[in-house]
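In what follows, a single structure is set out as C-alpha cells and then discussed.
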Amino acid sequence: MAGDIQVKRRRFLAGAAAAAAGAALPSRSQEVQDITPMLDKITRGVRPQRSGVEIELPQIAENGNSVPMRIRVASPMSAEDHVKAIYIFAERNPRPLIATFHLGPHSGRAEISTRVRLAGTQRVTVLAELTKDRFLVGPADVLVTSAACMDEATL
Amino acid sequence: MLLGRIQVPPSVRRGEAFEVRILVEHPMETGFRRDMNGQSIPVYIVNKLSCRYAGYEVFSAELGTGMSANPYMAFFAVAESSGEVAVEWSDDRGATGRVTAMLNVT
C-alpha cells in the first residue's frame with residue numbers, strides 16, 4: 001500500500017507545481033503582441049531604418065503605472081526635412097499604441113518627454129515618420145518590477 | 001473644464017527652440033480596472049491635445065490608455081515673437097481644458 005501513497009504524493013506534487021506555474025504566467029492581456037502589422041499600416045510597406053531614434057527609459061522601472069521616457073529623433077527640423085510624427089508602441093500592453101505626437105518645422109527640435117504605463121517588462125518601440133516617406137525606428141528594453149494594474153479585469 | 005498646468009522658460013532668444021511642459025489633471029482610466037463591487041470601470045481618457053503658438057499648431061497629440069494618469073508631455077517650439085502659448089485638450093466624454101502662458105522673446 002505504501003507504493004500507492006507514493007503515487008498519490010507524486011501526483012499531488014505534480015499538480016501543485018502545475019498550478020503554481022499557471023499562477024505565475026502572465027494573464028492574457030499581458031502577452032506580447034506582434035506590432036509589425038500596426039507599424040506597416042503607418043509606413044504603408046516602407047521599411048523603417050533602424051537608426052536615429054534615441055530613447056531614454058529607466059533600465060528598471062519600479063512602477064509600471066508611470067514610467068518616464070524621453071525620445072530624441074535626429075533631424076534638422078527644417079521645412080523640407082523634419083519629423084512629422086512620433087508613435088510609441090508597447091508590445092505587451094493590451095493596447096500597444098500608447099500615443100501619437102505630431103511635430104513640424106516649427107518644433108525646432110524633435111524631442112519629447114512623457115510618462116507612460118507599461119504592463120510588465122518589455123520592449124518599447126518608437127517609430128518616427130519623416131518627410132519624403134522616410135521612417136526611423138528604435139527599440140528600448142525596460143524591466144518593470146510592478147506592472148501597471150490592468151490585469152484585474154482579465155483574471 | 002479640465003485642469004492643467006503649463007510651463008515655458010521666462011525668456012527665450014528669437015530663433016531658439018524652447019521647451020513647453022504640460023501637465024493635465026485626468027484619471028486616464030484604462031477600462032481594464034474594476035471597482036470595489038467588481039464592476040468594470042469604463043475607459044475615460046484625454047485623447048486629444050494640441051498647442052498653438054505664433055499662429056501655428058506647433059504640437060499635437062493623440063493619446064491612448066497607455067499614457068499615465070495626469071498625462072505629462074514636454075516638447076519644443078521655435079521662438080518667433082513674444083506672445084501666448086496656448087494648449088487645449090479634450091477627453092472622450094467631450095470635456096475640454098485650456099491653459100496658456102506668455103512667452104517673452106528677446
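Heavy-atom minimum distance, Pro105(A) versus Val78(B): O-CG2, 4.3 Å. Nearest approach of Asn93(A) to Gly66(B), heavy atoms of both residues: ND2-CA, 4.4 Å.
Checking Thr65(B) against Arg95(A) by side-chain atom types alone, a donor-acceptor pair falls below 3.5 Å. Using a 3.5 Å distance cut-off with no hydrogens or angles, the side chains of Glu57(B) and His102(A) do not pair a donor with an acceptor.
Atom CZ of Arg5(B) has 12 or fewer heavy atoms from other residues, nucleotides or ligands within 6.0 Å. For Arg93(B), the CZ atom counts as densely surrounded, since its 6.0 Å shell holds more than 12 non-hydrogen atoms of other residues, nucleotides or ligands. Around the CD atom of Glu16(B), the shell of radius 6.0 Å holds more than 12 heavy atoms that belong to other residues, nucleotides or ligands.
Within the 4.5 Å cutoff, no side-chain heavy atoms of Met73(B) are placed close to those of Arg115(A). Residues Ile112(A) and Phe59(B) meet the side-chain proximity criterion, which asks for heavy atoms closer than 4.5 Å.
For the atom pair Thr114(A) OG1 and Arg21(B) CZ, the distance stands at 13.0 Å (nearest 0.5 Å). Atoms NE2 and SG, on His106(A) and Cys51(B) in that order, are 12.5 Å from each other to the nearest 0.5 Å.
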- Item | Residue pair Ser113(A), Tyr72(B): steps toward the side chain to side chain contact (heavy atoms under 4.5 Å, CB included) verdict | CA-CA 8 Å; Ser113(A) 304; Tyr72(B) 166 81; 4.2 Å; yes
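Proximity to chain A is absent for every atom of Ala79(B), based on heavy atoms less than 4.5 angstrom apart. In this structure, chain A has a heavy atom under 4.5 Å from the side chain of Glu19(B), while its backbone stays farther away. Looking at Asn70(B), the atoms closer than 4.5 Å to chain A (heavy atoms on both sides) all sit in the backbone: N, CA, C or O. Only the side chain of Tyr56(B) comes within less than 4.5 Å of a heavy atom in chain A; its backbone stays farther off.
Linking Ile, Leu, Val, Met, Phe, Trp and Tyr whenever their side-chain heavy atoms come within less than 4.5 Å puts Phe135(A) and Met38(A) in one cluster. No chain of hydrophobic side-chain contacts below 4.5 Å, direct or via other Ile, Leu, Val, Met, Phe, Trp or Tyr residues, connects Tyr44(B) to Met28(B). Following chains of ILVMFWY side-chain contacts shorter than 4.5 Å, one cannot reach Leu127(A) starting from Ile88(A), and the two form parts of different hydrophobic clusters. In the hydrophobic cluster analysis, where Ile, Leu, Val, Met, Phe, Trp and Tyr join through side-chain heavy atoms closer than 4.5 angstrom, Val126(A) is grouped apart from Phe76(B). A single hydrophobic cluster is not seen to contain both Met67(B) and Leu23(B); linkage of ILVMFWY side chains at heavy-atom distances under 4.5 Å, directly or through other members, places them apart.
Annotation: Phe75(B) is not in aromatic contact with Phe101(A) [ring centroid separation under 6.0 Å not met].
Per-residue heavy-atom pair counts under 4.5 Å with chain A were compared for Ala54(B), Pro71(B), Gly64(B), and the maximum is reached by Gly64(B). Contacts with chain B were tallied for Ser107(A), Ala90(A), Gly108(A), Gly104(A); Ser107(A) has the most, counting heavy-atom pairs under 4.5 Å.
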